[in-house]
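Everything below concerns the one structure shown next.
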Amino acid sequence: MSIKPEAVMSLVMDAAEDKKAMNLVALNLEGLSMVTDYFVICHGNSETQVQAIATEIRKRADEHGVPVRGIEGVNTARWVLVDLGDVVAHVFHREDREYYNIERLWSDAKVVERV
């Protein structure tokens, strides 16, 4: 049984929230990207927090049978990318998030509102 992209996005957001991720945003990229359906973007205020957020996302994915296709950047913990296929999580250090500002690059994407 495969989990829907919306459910994976929600799982990623819940994991990030549990580790006190800052400025958590989900972007719907359907129709804009052929690579993934959603970006989840957040930041931590230290390398330790960035690593904790990324680790929690991976743990939740494993618990729900969502394959992690790859993780990049854990060692430096400045920009960790967690590839879950239909959902890609970007966990930044605060300073790097401000510098790269990928929300601006994907400004055509709709921000997902969570209730």
Side-chain angles (χ1 to χ4, degrees):
M1 176 174 92
S2 131
I3 189 166
K4 293 186 179 189
E6 297 82 11
V8 175
M9 182 221 22
S10 187
L11 175 143
V12 169
M13 292 186 79
D14 290 344
E17 284 176 342
D18 284 354
K19 293 300 177 182
K20 308 293 188 238
M22 307 297 293
N23 293 356
L24 186 59
V25 175
L27 300 178
N28 183 334
L29 300 175
E30 292 175 303
L32 297 174
S33 170
M34 295 175 59
V35 177
T36 191
D37 291 337
Y38 295 96
F39 275 172
V40 175
I41 306 163
C42 64
H43 72 265
N45 291 319
S46 69
E47 286 87 359
T48 303
Q49 186 181 18
V50 169
Q51 288 175 333
I53 295 165
T55 299
E56 187 66 18
I57 291 169
R58 180 179 204 151
K59 178 182 154 207
R60 297 277 180 95
D62 289 343
E63 288 172 355
H64 289 87
V66 176
V68 176
R69 295 183 178 184
I71 296 183
E72 298 292 329
V74 174
N75 291 340
T76 58
R78 300 299 295 186
W79 178 357
V80 179
L81 186 136
V82 184
D83 183 354
L84 303 166
D86 293 328
V87 177
V88 175
H90 297 268
V91 184
F92 287 95
H93 188 284
R94 179 184 38 81
E95 295 156 1
D96 292 72
R97 183 176 186 177
E98 292 169 3
Y99 178 79
Y100 290 107
N101 196 2
I102 65 172
E103 291 100 318
R104 184 177 42 94
L105 295 174
W106 291 94
S107 61
D108 291 344
K110 293 179 185 165
V111 175
V112 176
E113 300 291 332
R114 287 190 7 139
V115 180

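- Put simply, V12 and F92 are part of two different groups of oily side chains (I, L, V, M, F, W, Y) that touch within less than 4.5 Å, one to the next.
- Contact between T36 and G85 at its shortest, heavy atoms only, is OG1-O, 3.0 Å.
- Within the 4.5 Å cutoff, the side chain of M22 has no heavy atoms near those of the R94 side chain.
- Residues N23 and R97 are in side-chain contact: their nearest non-hydrogen atoms beyond the backbone lie under 4.5 Å apart.
- Residues P5 and D86 come closest through the heavy atom pair CG-OD2, 3.5 Å.
- In this structure, the side chains of V112 and Y38 come closer than 4.5 Å at one or more pairs of heavy atoms.
- Using a 4.5 Å cut-off between side-chain heavy atoms of Ile, Leu, Val, Met, Phe, Trp and Tyr, with links allowed through other members, L24 and M9 fall into the same hydrophobic cluster.
- A pairwise comparison of heavy atoms in E47 and A77 identifies O-CB, 3.5 Å as the closest pair.
- Both L11 and V82 are members of a single hydrophobic cluster when ILVMFWY side chains are connected at heavy-atom separations under 4.5 Å.
- Under the 4.5 Å side-chain heavy-atom criterion for Ile, Leu, Val, Met, Phe, Trp and Tyr, L84 and V80 are members of the same hydrophobic cluster.
- Evaluated for a side chain to side chain contact (heavy atoms under 4.5 Å, CB included) with V50, the options V74, N45, V91, T76 yield exactly one hit, V91.
- When the salt bridge (charged side-chain N to carboxylate O under 4.0 Å, His left out) test is applied to D96, the partners found at least two apart in sequence or on another chain are R78.
- In this structure, D18 CG and K59 NZ are separated by 8.5 Å, a value rounded to the nearest 0.5 Å.
- Cluster membership check: Y99 shares its hydrophobic cluster with I102, using side-chain heavy-atom separations under 4.5 Å among Ile, Leu, Val, Met, Phe, Trp and Tyr.
- With rounding to the nearest 0.5 angstrom, the CG atom of N28 is 11.5 Å from the CZ atom of F39.
- Distance alone, capped at 3.5 Å, places no donor-acceptor pair between the E56 side chain and the A52 backbone.
- The minimum heavy-atom distance between E30 and E6, with the atom names listed, is OE2-OE2, 4.5 Å.
- Although no hydrogens or angles enter the test, the distance criterion places a donor-acceptor pair under 3.5 Å between the side chain of T55 and the main chain of Q51.
- Contact annotation: the side chain of V68 never approaches that of D83 to less than 4.5 Å [non-hydrogen atoms, C-beta and beyond].
- Between D62 atom CG and I57 atom CD1 the span is 12.0 Å, to the nearest 0.5 Å.
- Donor-acceptor pairing under 3.5 Å is recorded for the side chains of W79 and H90.
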